[in-house]
Amino acid sequence: MSEKGKQAKAFFMEGYNCTQSVALAFCDEIGIEKEKLLRMVSSFGGGMGRLREVCGAVSGMFLVAGALYGYDDPKDMQAKKEHYARIQELAAQFRAETGSIVCRELLGLEGKDKSPVPSERTAEYYKKRPCPEMIELAADLMEAYICRQNCLTD
């Protein structure tokens, strides 16, 4: 377990959603004010607003990757290609460890959960969910990716 993984998991246990937890662990690296970052990513928890689509931990990992390595010129096709390859690599690593990047599949849910009501964060909630481990994994993968990039540029 990496330091960022521990931090992200701890944020989740405080009540932040999956995306917020991963993003917060990298707040200093991406240089976005904590409150702004929390609001910015609040929609992605529960697999996109509890729609149970892309796992919020994966969305958090992608957000960090974009903030650190993303492109800003819409005509720079090479930068786009490189960034999409980076995102696909991170997704493949997560999928290799978990079997999916889809929230409902990771939770073993059939269909979409369209209820906007967040689940109560109880001891039972934390016991039956794989979310803390998914969050830790996403942050670990992102931290390892950053480490590899820093080694290549040093």
Side-chain angles (χ1 to χ4, degrees), residues 1-107 109 112-114 116 118-119 129-154:
M1 177 184 338
S2 72
E3 191 57 39
K4 295 299 183 183
K6 289 180 201 170
Q7 289 174 1
K9 187 175 182 177
F11 287 132
F12 184 74
M13 301 306 277
E14 286 180 36
Y16 292 104
N17 76 33
C18 304
T19 309
Q20 289 173 322
S21 299
V22 173
L24 268 179
F26 295 90
C27 193
D28 291 340
E29 287 82 355
I30 61 179
I32 298 175
E33 173 193 331
K34 179 182 175 182
E35 291 73 23
K36 183 180 239 177
L37 178 63
L38 288 170
R39 286 190 305 273
M40 223 167 75
V41 302
S42 62
S43 303
F44 298 95
M48 310 284 176
R50 289 196 90 244
L51 290 170
R52 307 300 186 203
E53 297 294 341
V54 174
C55 169
V58 172
S59 294
M61 181 172 58
F62 291 172
L63 173 106
V64 173
L68 295 177
Y69 306 108
Y71 64 91
D72 55 16
D73 180 352
K75 294 182 176 131
D76 187 344
M77 298 309 279
Q78 184 61 33
K80 274 187 185 185
K81 176 184 165 190
E82 289 171 7
H83 190 63
Y84 291 166
R86 174 180 303 114
I87 295 305
Q88 290 179 14
E89 175 188 336
L90 290 166
Q93 290 173 356
F94 190 91
R95 190 180 290 114
E97 294 285 327
T98 64
S100 181
I101 65 167
V102 177
C103 176
R104 70 178 162 277
E105 292 173 3
L106 294 167
L107 293 177
L109 300 174
K112 296 178 185 176
D113 180 355
K114 294 183 181 178
S119 299
R129 298 247 179 200
C131 303
E133 288 72 31
M134 301 295 113
I135 289 159
E136 184 179 345
L137 174 62
D140 286 349
L141 292 172
M142 193 67 242
E143 185 173 18
Y145 185 87
I146 292 168
C147 227
R148 286 192 306 276
Q149 297 311 301
N150 289 343
C151 289
L152 294 174
T153 60
D154 288 344

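Hydrogens, waters and symmetry mates play no part in the numbers below; they use all other heavy atoms, side chains included. As the structure is a computational prediction, the values presented were derived from the model and not from experiment.
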| field | Heavy-atom side-chain proximity of Glu143 to Phe26 below 4.5 angstrom | value | yes

| Do any pairs count as a salt bridge (Lys or Arg N to Asp or Glu O under 4.0 Å) and have a residue in residues 73-90, sequence neighbours left out, and if so which ones? | Glu89-Arg148

| request: Give the C-alpha distance, both sets of side-chain angles, the deciding distance and a yes or no for side-chain contact (heavy atoms from CB on, under 4.5 Å) between Leu107 and Arg52. | output: CA-CA 9 Å; Leu107 293 177; Arg52 307 300 186 203; 3.9 Å; yes

| Residue pair Leu63, Leu37: steps toward the side-chain contact (heavy atoms from CB on, under 4.5 Å) verdict | CA-CA 10 Å; Leu63 173 106; Leu37 178 63; 3.8 Å; yes

| said: To the closest 0.5 Å, what do you measure between CD (Gln88) and CD (Gln93)? | reply: 12.5 Å

| field | All salt bridge (charged side-chain N to carboxylate O under 4.0 Å, His left out) counterparts of Glu133, not counting sequence neighbours | value | Lys9

| note | The reported gap from CG in Leu141 to CG in Leu90 (rounded to nearest 0.5 angstrom) is 7.0 Å

| message | Determine whether a donor-acceptor pair (N or O, by modelled atom type, separation under 3.5 Å) exists between the side chain of Asn17 and the backbone of Ser42. | response | yes

| said: Does any part of the side chain of Val54, heavy atoms only, come nearer than 4.5 Å to the side chain of Phe44, both counted from C-beta? | reply: no

| said: Pair Gln7, Leu24 - check side-chain contact (heavy atoms from CB on, under 4.5 Å), show working. | reply: CA-CA 8 Å; Gln7 289 174 1; Leu24 268 179; over 6 Å; no

| request: Would you please name every residue forming a salt bridge (charged side-chain N to carboxylate O under 4.0 Å, His left out) with Lys4, sequence neighbours left out? | output: Glu29

| What pair of heavy atoms forms the shortest contact from Ile135 to Ala57, and how long is it? | CA-CB, 3.8 Å

| Taking all non-hydrogen atoms of both residues, which atom of Leu106 and which atom of Cys55 are closest, and how far apart? | CD1-CB, 3.8 Å

| query | Mind checking whether Phe94 and Met134 have side chains closer than 4.5 Å, heavy atoms only? | reply | yes

| query | Looking at side-chain heavy atoms only, is the closest gap between Cys103 and Arg50 below 4.5 Å? | reply | no

| query | Met40 versus Ile32: any side-chain heavy-atom pair under 4.5 Å? | reply | yes

| message | Which residue is it: Cys131, Pro132, Ser21? I am looking for the one with a side chain to side chain contact (heavy atoms under 4.5 Å, CB included) to Met13. | response | Pro132

